[in-house]
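Worksheet: one structure, shown below.
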Amino acid sequence: MKDADLIKELKSNNKNSVNQLYSKYSDRLYRFIFGYLKTEEDTLDLIQEIFIKIWNNRNSLREDTSFESYLFTIAKNTIISTFRKKLSEKEYFEYVKQKAVKNSSETEKQVDYNLLSEKVQFYVNELPEQRKRIYTLSAEKGYTNKAIANELNISIKTVEDHITKARRYLQENLKEYGFIAILFLNMFI
């Protein structure tokens, strides 16, 4: 079956067409991605991500364009995003490591976990009621923003806004504890 026909099928929500496209292109896509990422696990994850993107964007596909070019463009952009993410994670890890070493002697003097935990709870309790509830559901109970929005019957943007403002408020009020307070907020809450 031609790619244009498969795209028509795909746009009409025929899941078999994505399987056919996968069968047709996955080997070449694998070799292309593996050439950059060098690990089978990352390569297979990316292939899956690419075909999910194709399925999710199926209605915007044009039948008169080369599907192969479209597919490899998505692959190239996804590889670039993966490299950026890995680089950013590596840089962040190095930054945290440097800060931890630099502040290690101060850490023992500055922070008692229980004291910091009590301070955080004190400031959480000072938040406006709705913000406190949203923050508690997110940070302490692990709800996703979507789950919070559904439970409270508000928009996801409203949830995000409240969480951002709550975090900012906590960070401002815990400045005296330095970098360790930021780590505490991001790792334990």
Side-chain angles (χ1 to χ4, degrees), residues 1-102 134-135 137-139 142-150 154-168 171 179 182-183 185-189:
M1 191 177 255
K2 291 182 182 178
D3 287 352
D5 295 329
L6 288 171
I7 291 171
K8 275 184 190 175
E9 291 292 315
L10 190 65
K11 289 174 84 168
S12 66
N13 299 327
N14 181 343
K15 291 180 182 177
N16 188 41
S17 59
V18 81
N19 292 335
Q20 289 179 26
L21 288 167
Y22 179 87
S23 294
K24 185 173 182 179
Y25 289 104
S26 63
D27 288 341
R28 287 181 33 218
L29 199 55
Y30 179 91
R31 288 190 300 275
F32 177 73
I33 295 171
F34 188 83
Y36 289 98
L37 299 184
K38 307 295 187 207
T39 68
E40 182 174 13
E41 183 179 348
D42 288 345
T43 299
L44 293 173
D45 286 347
L46 230 62
I47 291 172
Q48 182 178 7
E49 184 179 328
I50 289 166
F51 278 95
I52 288 170
K53 283 180 184 179
I54 289 169
W55 176 257
N56 290 338
N57 297 316
R58 65 191 175 277
N59 293 324
S60 65
L61 290 173
R62 293 182 40 194
E63 296 151 29
D64 60 340
T65 59
S66 166
F67 179 77
E68 183 176 358
S69 296
Y70 175 75
L71 178 67
F72 282 89
T73 300
I74 291 175
K76 180 187 74 164
N77 292 336
T78 308
I79 291 167
I80 291 169
S81 294
T82 301
F83 281 137
R84 283 186 183 140
K85 182 180 174 191
K86 287 182 185 247
L87 181 61
S88 151
E89 287 171 354
K90 183 179 178 184
E91 287 172 354
Y92 179 72
F93 178 74
E94 287 300 319
Y95 171 77
V96 169
K97 193 166 93 175
Q98 286 175 347
K99 282 290 192 180
V101 168
K102 184 177 176 182
I134 290 169
Y135 185 79
L137 288 172
S138 173
Y143 282 37
T144 64
N145 291 354
K146 185 177 181 181
I148 296 169
N150 288 339
I154 57 177
S155 74
I156 292 175
K157 287 287 184 197
T158 301
V159 171
E160 291 169 354
D161 182 56
H162 277 289
I163 291 172
T164 299
K165 287 178 178 172
R167 284 190 169 277
R168 190 176 302 132
Q171 287 173 352
F179 181 72
I182 294 170
L183 280 177
L185 288 171
N186 288 308
M187 292 175 71
F188 299 111
I189 297 183

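Everything numeric in this text was worked out from a predicted model, so none of it was measured.
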For residues 58-67, which side-chain N or O atoms pair as donor and acceptor with protein atoms under 3.5 Å away, sequence neighbours left out?
residue: Arg58; atom: NE; partner: Asn13; partner atom: OD1; Å: 2.6
residue: Arg58; atom: NH1; partner: Trp55; partner atom: O; Å: 2.5
residue: Arg58; atom: NH2; partner: Asn13; partner atom: OD1; Å: 3.0
residue: Ser60; atom: OG; partner: Asn57; partner atom: O; Å: 2.8
residue: Arg62; atom: NE; partner: Asp64; partner atom: OD1; Å: 3.2
residue: Arg62; atom: NH2; partner: Asp64; partner atom: OD1; Å: 3.4
residue: Arg62; atom: NH2; partner: Asp64; partner atom: OD2; Å: 2.9
residue: Thr65; atom: OG1; partner: Arg62; partner atom: O; Å: 3.1
residue: Ser66; atom: OG; partner: Ser69; partner atom: N; Å: 3.2
residue: Ser66; atom: OG; partner: Ser69; partner atom: OG; Å: 3.2

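Each of Leu6, Asp3, Asp5 was scored for a side chain to side chain contact (heavy atoms under 4.5 Å, CB included) with Ser17, with one residue passing: Leu6.
Taking each heavy atom of Ile134 and Ile148 in turn, the nearest pair found is O-CD1, 3.8 Å. Across all non-hydrogen atoms, the minimal contact from Phe34 to Glu40 is CE1-N, 3.6 Å. Shortest non-hydrogen contact noted between Phe51 and Leu29 is CE1-CD2, 3.7 Å.
For Lys165, the side-chain hydrogen bond (donor to acceptor under 3.5 Å, both in side chains) partners are Asp161, not counting sequence neighbours. Partners of Ser155 according to the side-chain hydrogen bond (donor to acceptor under 3.5 Å, both in side chains) rule, which considers only residues two or more places apart in sequence or in another chain, are Thr158.
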Next item on the list: Quick one: do Lys76 and Tyr36 satisfy side-chain contact (heavy atoms from CB on, under 4.5 Å)? Show the steps, please.
Entry: CA-CA 10 Å; Lys76 180 187 74 164; Tyr36 289 98; over 6 Å; no
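The side-chain heavy atoms of Leu44 and Tyr30, taken from C-beta on, include a pair separated by under 4.5 Å. Looking at Phe32 and Leu37, their side chains never come closer than 4.5 Å, going by heavy atoms from C-beta outward. Contact of the Leu10 side chain with the Ile54 side chain is registered, since non-hydrogen atoms from C-beta on lie closer than 4.5 Å.
Distance check, rounded to the nearest 0.5 Å: CD1 of Ile79 to CD1 of Ile50 gives 6.5 Å.
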